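All values derive from a computational prediction rather than experimental measurement. Residue numbers start at 1 and run along the sequence shown. Each ligand, and each atom within it, is numbered from 1 in the order the structure gives. What's counted below: heavy atoms across the whole structure, side chains too, no hydrogens, waters or symmetry copies.
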Amino acid sequence: MIRKLLRRVFLRGESAKRQAERIPASRHGIRREQVSTGARRTCEALQKGGFKAYVVGGAVRDLIAGIPPKDYDIATDATPEQVRGLFRRSRIIGRRFQIVHVMQGPETLEVSTFRAAHDEDTLKDEHGRVLRDNVWGSIEEDAARRDFTMNALYYDPTEEVVLDFHHGVDDIQRKTLRMIGDPRARYREDPVRMLRAVRLSAKLDLRLDPKVQAPICDMADLIDNVPAARLFDEMLKLLFSGHAVACVKRLREEGLHHGLLPLLDVILEQPLGEKFVMLSLANTDARVRADKGVSPGFLFATLLWHEVLTCWEKRQQAGELPMPAMFAAMDEVLDQQGEKLAITKRVAADIKDIWALQPRFDKRSGRMPARLVEQPRFRAAWDFLVLRAQSGEAPQELADWWDEFAHASHERRETMLVADSGPKKRRRRSRGRSSRADETKVSPDGTP
Ligand code: ATP
Ligand code: MG
């Protein structure tokens, strides 16, 4: 008991002892105006209230690396209630890790209270994964519990100084991703850090410190113990980082795509599937970088499509009719992957809409095409068809036809429709329909 207590004091003392290096603007290169107005105002208000306040984490790292941050996190010694008391437009969120969302104009800032480092009393699962850590601590402890050295930087916009506890600024300048503490222990505490290492190295074009890289291969299985919802969030971050292609390439180079991203395992092993997925990821990267909207439904529909195709084919070979087989295949794939990836019901519904419309693109006769282009999901489904065409799975001519049809006048559409070449029974029906259409068809000069 006494030993435990001593060790705890010692451990806390170790991290608390580490002095921050105060890096001046001439070395870190951040200009105050580069920091968003909302982040500056939030820090100023907290400091006026008598608290410490810093921009922290990814935003500081990105600013030093010359990349515009996508959002800002603020760290403070004020408790969530104290923060809440200072900002009219704010709310406390989270039950276990309480943080405060502060609204400043169009921005939402995430304000967290400094957290304590883990110690022997921290609740962990049987693999060593940390289950709970919501004890407030000092700024030194807060820095020590962050993952990589370059993520433990604290920028004070008032003094324009960066507090650097673990030589993170040097590591950014040397383009090396280094872990705070022992990488093996840190991966055990939170296996998601393996994914973060790959994502950050792709985003910032960093070399992985060999100590960060080496354990990943044999520890990748620990990812299985991460709750699905957390993994899903992390996957979205990776896939919507604007560097998804680079991330996936790195995962493969490191031999990490197995296990880390169970979803990609199967797909990347099918030649056509790989081309399709890579095209889709490149397309997503381009949209993210151009600040265009991206939807998880669309992306997951592309990632899982080749599994659906395989399953669909199997069912048809077993004698099922095409459409029922398609719907059954969709459900089967979503049931398997959806659970692992915590795909929400809403996203699953979007995915199904896009898939279910694909076979309908093959019907270019009768009244179906006009109905299809009126569907609310037509545009997404057509974008999906374009990807299929680019990967060689569908004819390009088909994608072009639908694009022209969707934008054509009523008259032009009539001339575009392809004569139905279905089985005899259907042909007879369509003949009937077309003869009726002939009766009512009006020539350009208005005569029947
Ligand atoms: P991005 O630019 O993609 O947002 P980020 O590093 O800011 O990258 P966030 O998920 O926004 O990633 O996390 C904010 C900060 O919280 C990180 O910079 C890091 O300091 C800390 N952090 C996040 N996840 C972990 C983790 N799994 N373990 C330790 N610290 C973490
Ligand atoms: Mg961030």
Side-chain angles (χ1 to χ4, degrees), residues 15 35-36 38-39 54-76 94 97 99 101 107-118 122 124 128-134 137 139-155 162-166 168-169 171-172 177-206 212 216 219 222-223 225-227 229-244 246-247 260 285 288-289:
S15 47
V35 176
S36 79
Y54 302 90
V55 177
V56 70
V60 186
R61 178 199 67 215
D62 290 354
L63 283 168
I64 297 178
I67 299 175
K70 65 175 171 20
D71 47 33
Y72 287 83
D73 295 322
I74 311 290
T76 178
F97 314 123
I99 55 169
H101 275 177
E107 283 184 75
T108 299
L109 290 306
E110 217 168 273
V111 182
S112 330
T113 308
F114 298 142
R115 278 196 214 149
H118 306 133
T122 306
K124 295 183 180 170
R129 191 169 64 81
V130 171
L131 296 175
R132 198 170 302 153
D133 64 345
N134 58 346
I139 184 169
E140 291 82 0
E141 288 178 307
D142 189 84
R145 62 170 289 288
R146 291 176 186 271
D147 44 9
F148 304 104
T149 59
M150 63 180 68
N151 284 346
L153 299 171
Y154 297 72
Y155 176 70
V162 168
L163 299 188
D164 182 356
F165 292 86
H166 300 273
V169 173
D171 286 337
I172 297 176
L177 193 68
R178 268 197 318 121
M179 185 77 87
I180 299 171
D182 169 37
R184 284 187 172 270
R186 304 302 311 276
Y187 290 146
R188 223 171 286 124
E189 283 171 4
D190 182 7
V192 160
R193 289 173 184 150
M194 294 186 255
L195 279 177
R196 290 179 52 84
V198 173
R199 173 165 68 85
L200 291 178
S201 70
K203 170 173 172 175
L204 296 150
D205 194 23
L206 305 170
V212 167
I216 300 184
M219 296 185 83
L222 290 178
I223 295 271
N225 306 318
V226 176
R230 171 108 197 277
L231 203 55
F232 185 69
D233 283 349
E234 217 40 57
M235 287 264 303
L236 286 189
K237 277 195 192 172
L238 194 151
L239 297 170
F240 291 139
S241 63
H243 305 268
C247 282
L260 274 187
D285 283 350
V288 171
R289 290 181 194 196

Salt-bridged, [X] to [Y], with N to O below 4.0 Å?
X      : Y      : result
Asp171 : Arg178 : yes
Arg196 : Asp190 : no
Lys237 : Asp233 : no

Geometry only, no angles: is Arg196 polar-contacting ligand 1 at N/O separations under 3.5 Å?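 Yes, at least one N or O pair falls under 3.5 Å.
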
Are any of the N/O atoms on Gly58, whether in the backbone or the side chain, positioned under 3.5 angstrom from an N/O atom of ligand 1?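 There is such a contact, yes.
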
Please report which non-hydrogen protein atom sits nearest to [atom], along with the residue it belongs to and the distance in Å to one decimal place.
atom                    : answer
atom 20 (O) of ligand 1 : Arg146 NH1, 2.9 Å
atom 30 (N) of ligand 1 : Asp147 N, 3.2 Å
atom 28 (N) of ligand 1 : Arg193 NE, 2.8 Å
atom 27 (N) of ligand 1 : Asp190 OD2, 2.7 Å
atom 10 (O) of ligand 1 : Lys237 NZ, 2.4 Å
atom 4 (O) of ligand 1  : Lys70 NZ, 2.7 Å
atom 6 (O) of ligand 1  : Arg61 NH1, 2.8 Å

Any atoms of ligand 1 less than 4.0 Å from a non-hydrogen atom of [X]? List them with their elements.
X      : result
Arg199 : 1 (P), 3 (O), 8 (O)
Gly57  : 18 (O)
Arg145 : 29 (C), 30 (N)
Lys203 : 2 (O)

Heavy-atom gap [X] to ligand 1 smaller than 4.0 Å:
X      : value
Arg230 : yes
Asp73  : yes
Glu189 : no

Taking the side chain from [X] and the backbone from [Y], do they hold a donor-acceptor pair closer than 3.5 Å?
X      : Y      : answer
Asp147 : Arg193 : no
Tyr187 : Val212 : yes
Arg115 : Arg145 : no

May I ask you to check whether Asp164 and Tyr154 show a side-chain donor-acceptor distance below 3.5 Å?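 Not at all, the side chains of Asp164 and Tyr154 share no donor-acceptor pair under 3.5 Å.
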
Any idea how Tyr54 and Phe114 line up, ring-wise: parallel (<30°), tilted (30 to 60°), or perpendicular (>60°)?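 Ring orientation of Tyr54 relative to Phe114: tilted.
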
Separation of Cys247 SG from Leu238 CG (nearest 0.5 Å):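 Answer rounded to 0.5 Å: 4.0 Å.
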
Spacing of CD1 belonging to Ile99 relative to CG belonging to Asp73, to within rounding of 0.5 Å: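 Separation between the atoms: 8.0 Å.
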
Identify which one of Arg146, His166, Arg61 satisfies the side chain to side chain donor-acceptor pair (under 3.5 Å) criterion when paired with Asn151.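 Filter result, single survivor: Arg61.
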
When you measure from atom 18 (O) of ligand 1 to each heavy atom in Val60, Thr149, Asn151, which option holds the nearest one?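 The nearest heavy atom belongs to Asn151.
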
